[in-house]
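Structure record follows, encoded as structure tokens.
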Protein chains: 2
Amino acid sequence: MRKMIRQPTHPGKILKEDYLVPLSITIKDMAEILGISRKTLSKIINERGSITPDMALRLSRAFDTSPSFWLNLQKNFHLWIAEQTSNEWQKVKPIPKHILHPNSTLISE
Amino acid sequence: MRKMIRQPTHPGKILKEDYLVPLSITIKDMAEILGISRKTLSKIINERGSITPDMALRLSRAFDTSPSFWLNLQKNFHLWIAEQTSNEWQKVKPIPKHILHPNSTLISE
DNA sequence: ACAAAACGTAACCCTCTACGTTACATTGTG
DNA sequence: CACAATGTAACGTAGAGGGTTACGTTTTGT
């Protein structure tokens with residue numbers, strides 16, 4: 001698992017560029033297909049909203065993809081944000097490896 | 001991507017059974033290591049709380065794992081809950097495949 | 001060019017989740 | 001038995017997600 005250097009692509013951008021645009025589906029129509037408000041979809045498309053599990057299920061049905069495809073995009077995005085936003089997590093002291101892996105290569109006793 | 005038949009293992013159970021118990025670390029001590037309240041960790045352990053991106057980063061530092069390991073467990077759990085909880089997403093009509101994949105194997109015209 | 005449709009956004013409201021603190025009863029253990 | 005660790009409930013705060021309404025701008029079709 002490589003560390004992410006730059007901001008991962010937002011799910012909304014994928015949705016827009018790889019699905020809506022190529023298929024010539026408007027945001028309004030897509031919102032109707034998904035059974036959500038135009039507002040909610042607009043937020044996602046413009047990267048001010050996020051993919052919830054429920055939304056991932058809706059997208060997976062509409063586009064014949066897996067729900068995880070969408071949730072992974074969102075997960076990576078959220079993770080990147082958390083890395084940048086807070087510093088508290090960096091204060092967590094790693095548990096010493098010899099405690100995590102007692103008798104790895106050495107023979108004890 | 002296989003469909004999940006039964007409830008995925010909750011991240012809290014993994015944390016408890018695969019880390020805390022084997023390492024003999026108490027919830028109280030672990031909460032201190034992570035820099036969070038005992039309350040919050042207790043909720044996670046007892047499957048009444050969830051792994052947020054920030055929490056995943058803390059766990060990844062403590063145990064030398066990837067943040068995604070924890071977030072994936074949570075993602076699968078949330079997804080399963082969403083599948084069971086609501087039915088609305090099932091009402092989304094799949095976009096016809098011939099629209100999704102215009103000229104796949106057939107020649108148009 | 002002009003009217004209609006599609007968009008982006010802001011303001012509000014409601015609901016739910018994450019976290020912390022405080023408090024209390026229960027369980028485990030030296 | 002006394003103390004530490006736990007599980008939980010009750011509160012309060014903050015923030016996210018989703019809906020509705022409303023308004024101004026941009027696109028698009030005729």
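FYI, side chains are in, hydrogens and waters are out, and symmetry mates aren't considered; it's all heavy atoms of this structure. Protein chains get the first letters and strands the later ones, always in sequence-line order, with residue 1 at the start of each.
- Across the protein-nucleic acid pair, Glu88(A) atom CD and dG20(C) atom P stand 10 Å apart, rounded to whole Å.
- Residues from residues 9-37 of chain B placing a heavy atom under 4.0 Å of any atom in DNA chain D, listed by number, are Thr26(B), Ile27(B), Lys28(B).
- Remark: P of dT9(C) and CD of Glu47(A) are 11 Å apart, rounded to the nearest angstrom.
- Using modelled atom types and a 3.5 Å distance limit, the side chains of Trp70(B) and Ser60(B) yield no donor-acceptor pair.
- At a threshold of 4.5 Å between non-hydrogen side-chain atoms, the residues Pro53(B) and Leu57(B) do not count as touching.
- One finds the CD1 atom of Ile81(A) at 13.0 Å from the CG atom of Asp54(B) (value rounded to the nearest 0.5 Å).
- The nearest whole Å value for the distance from the CD1 atom in Ile51(B) to the C1' atom in dC19(C) is 14 Å.
- Atom-to-atom, CD1 of Ile44(B) to C1' of dC19(C) comes out at 10 Å; the value is rounded to the nearest Å.
- Residues Ile27(A) and Met30(A) fail the side-chain proximity criterion, which asks for heavy atoms closer than 4.5 Å.
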Result block: side-chain N/O donor-acceptor pairs under 3.5 angstrom for residues 15-22 of chain B, not counting sequence neighbours:
none

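- When the side chain to side chain donor-acceptor pair (under 3.5 Å) test is applied to Lys91(A), the partners found at least two apart in sequence or on another chain are Glu88(A).
- Rounded to an integer number of Å, the gap from Asp54(A) CG to dT15(C) P is 18 Å.
- The side-chain contact (heavy atoms from CB on, under 4.5 Å) test applied to Ser37(B) returns Lys39(B), Thr40(B), not counting sequence neighbours.
- With sequence neighbours excluded, the residues satisfying ring-ring contact (aromatic ring centres under 6.0 Å, His included) with His10(B) are Phe77(B).
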Could you list all N or O pairs between the protein and nucleotides 8-13 of chain D that sit under 3.5 Å apart?
none

